[in-house]
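Atoms within each ligand, like the ligands themselves, are counted from 1 in listed order. The structure presented is a predicted model; accordingly, all values stated were derived computationally and were not measured.
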Amino acid sequence: MNNQPAATNDSSDGEDVSPDRVLIFDTTLRDGEQAPGFSMDLHAKLKLAHALEELGVDILEAGFPQASPDDFNAVAKIAQSLTKTTVAGLARCVPGDIDSCARALEGARRSRIHLFLSTSPLHREHKLGMSKQQVVEATVRSVERARQLCHEVEFSAEDALRTEPDFLVEVFNAAAAAGATTLNAPDTVGYTTPAEMFELFTYLRKNVRNAENLIFSSHCHNDLGMAVANSLAAVSAGARQMECTINGIGERAGNAALEELVMALKVRAPHFGVSTGIDTRKLYPTSRLLTQLTGQGVPRNKAIVGDNAFAHESGIHQHGMLKHRGTYEIMHPQDVGIAETSLVLGKHSGRHALRERLQKLGHTPDDATLDGIFARFKMLADQRRDIHDDDLQALALGQDPDTTGPWSLLRLNASSQLGGGSSTAVTLVHEDGREVAETGAGDGPVDAVLHAITRATGTELALTQFQIRAMGEGGNAQGRAELTARHGSLDWHGNGVSTDIVEAAALAALAIVNRIERQAPARSHSAPKALESTP
Ligand code: KIV
Ligand code: ZN
């Protein structure tokens, strides 16, 4: 259902935009950052702020300046360095907060002071000790003060969803008359439902004076898992700003996830009839940036940006996807910045997906050969949770994926100079009894170890891809090195796992060398050659 406002709304740069446009107010650096486990230093905040500007958020809440000198500094630096986005700072309805927020925002191209004050009976009585009248008076005083000090003022009625609706209208009327142009009704404790949200926003738009010239905003928390649904219900009732965070981070169970809101409005555009200014192809990269900056990943099954969001393992789904992607996907992975759908090969997968993957790896088995590979693949998949390209390659070459050797790593020494190159010494043992020691130099320790292994084994490899994935957390975390290198006319895949990433890379390179040598045992070892490319 759509309940559009009649008038235009005001975009982040103060220009009128279509009433069908929903403004995205990102609070990753304020509500998100204040949650346990998500704190960021100034460098990280600036990096994320620039990524959010590129993503196209309309308003970026950079922090709560009065909370600490670090917060003040971060808001000030972000305000000075963004060139398109409106920068907001949070302030309580007290003069000290408002003044320091205004000072922090001084350098912003467009600034917004975001004032908040609780309005619900529970908060009035137990948190503030204020009467209704006092709440209204403090709101008016604060909005009037803030209005003199920045480009625009937003007023949030904290715990709005547990506030008497008629009192909420009274406070909003007072805030708007004092100069606030955005009125935010936060579901501070994540208590409400989509139907209640729709009802409240419809009521506000009907009863707040001059509603057609104001922006109504949602700010939903996820305590009952309804933050996204509740925000969308507000939009259906005419809200034209949604407050949200990347990956849904935020107090307790988090805030509404920006990527989910934006993609819901895009994928279901005919239903909602509104759009945002977000460049959706930057959603996944921005989500990943946040996980890198905070060290907090997202669950595999997280909507839009989780590892499984565009992955299919079951044979029936994979078969459907290969015939027509629309069978099991409602959006293109490229639309959110993910390179491609992945057909994950596991125990639920079928022959169609296996054939397709083998072709990508350079193998085109005939039907009878594919039958044999498929049977061995199913046996392997029953034993293992993950099947990787190197396992499939081994199966295609008629090798046992679990076989190791002939080479194994005996010793490894890596050293790096700050600002200079790296060198590595390896000692390898061959199952025929040879022990070979070699050194390698390179731009980094991984580059150097690959050169050393190439020289020791005499296997020519042109590195095409290298990545490290973290497995587990804390002191016991391991790195999984995934390496692809060209040898002959094939790309070869190798994996290595270790708590030391240089060792993981060495094991991945050795896995490749071993598979090549098992395939052609008579090959000469006498003509070692350096790697042709580096990671
Ligand atoms: O959840 C909340 O009520 C808030 C306000 C400060 C907007 O974060
Ligand atoms: Zn909040």
Next on the checklist: Under 3.5 Å, is there a donor on one side chain and an acceptor on the other for S287 and N247?
Outcome noted: yes

Checklist entry - Taking atom CE of M321 and atom CZ of F310, what is their separation to the nearest 0.5 Å? => result 9.5 Å

Next on the checklist: Return the CG to CG distance between L29 and L90, rounded to the nearest 0.5 Å.
Outcome noted: 13.0 Å

Checklist entry - Mind checking whether R30 has a heavy atom under 4.0 Å from ligand 1? => result yes

Checklist entry - Which N, O or S atoms belonging to the protein are less than 2.8 Å from the Zn ion (ligand 2)? => result D31 OD2, H219 NE2, H221 NE2

Checklist outcome for this item: CD1 (I78) and CG (L105) are apart, to the nearest 0.5 Å, by 10.5 Å

Next on the checklist: Just to be sure I read this right, does ligand 1 sit under 4.0 Å from the backbone of H114, its side chain, both, or neither, counting only heavy atoms?
Outcome noted: side chain

Checklist entry - Does a salt bridge link R112 with E154, judged by any charged N lying under 4.0 Å from a carboxylate O? => result yes

Checklist entry - With a cut-off of under 6.0 Å to the ring centre and 45° to the axis, is R124 in cation-pi contact with F167? => result yes

Item to check | Protein contact to atom 4 (C) of ligand 1 [nearest heavy atom, distance to 0.1 Å] | outcome: H219 NE2, 3.4 Å

Checklist entry - Are the side chains of Q66 and F72 in touch, meaning some heavy atoms are under 4.5 Å apart? => result no

Next on the checklist: Can you report which non-hydrogen protein atom sits closest to atom 3 (O) of ligand 1, along with the distance?
Outcome noted: T188 OG1, 2.7 Å

Next on the checklist: Taking 4.0 angstrom as the limit and counting only heavy atoms of F116, give me the atoms of ligand 1 inside it, by number and element.
Outcome noted: 6 (C)

Checklist entry - Where does E243 meet ligand 1, judged by heavy-atom distances below 4.0 Å: at the side chain, the backbone, both, or neither? => result neither

Checklist outcome for this item: In ligand 1, the atoms that come under 4.0 Å of a heavy atom of H221 are 1 (O)

Next on the checklist: Would you say NZ of K47 has more than 12 non-hydrogen atoms from neighbouring residues, nucleotides or ligands within 6.0 angstrom?
Outcome noted: no

Checklist entry - Heavy-atom contacts under 4.0 Å between D31 and ligand 1: side chain, backbone, both, or neither? => result side chain

Next on the checklist: As an exercise, state the distance from NE2 of H317 to OH of Y328, rounded to the nearest 0.5 Å.
Outcome noted: 4.0 Å

Checklist entry - Which ligand 1 atoms does E158 reach within 4.0 Å, using its non-hydrogen atoms? => result 3 (O)

Next on the checklist: Taking D500's backbone N and O only, do any of them form a donor-acceptor pair with S498's side chain (distance below 3.5 Å, no angle check)?
Outcome noted: yes

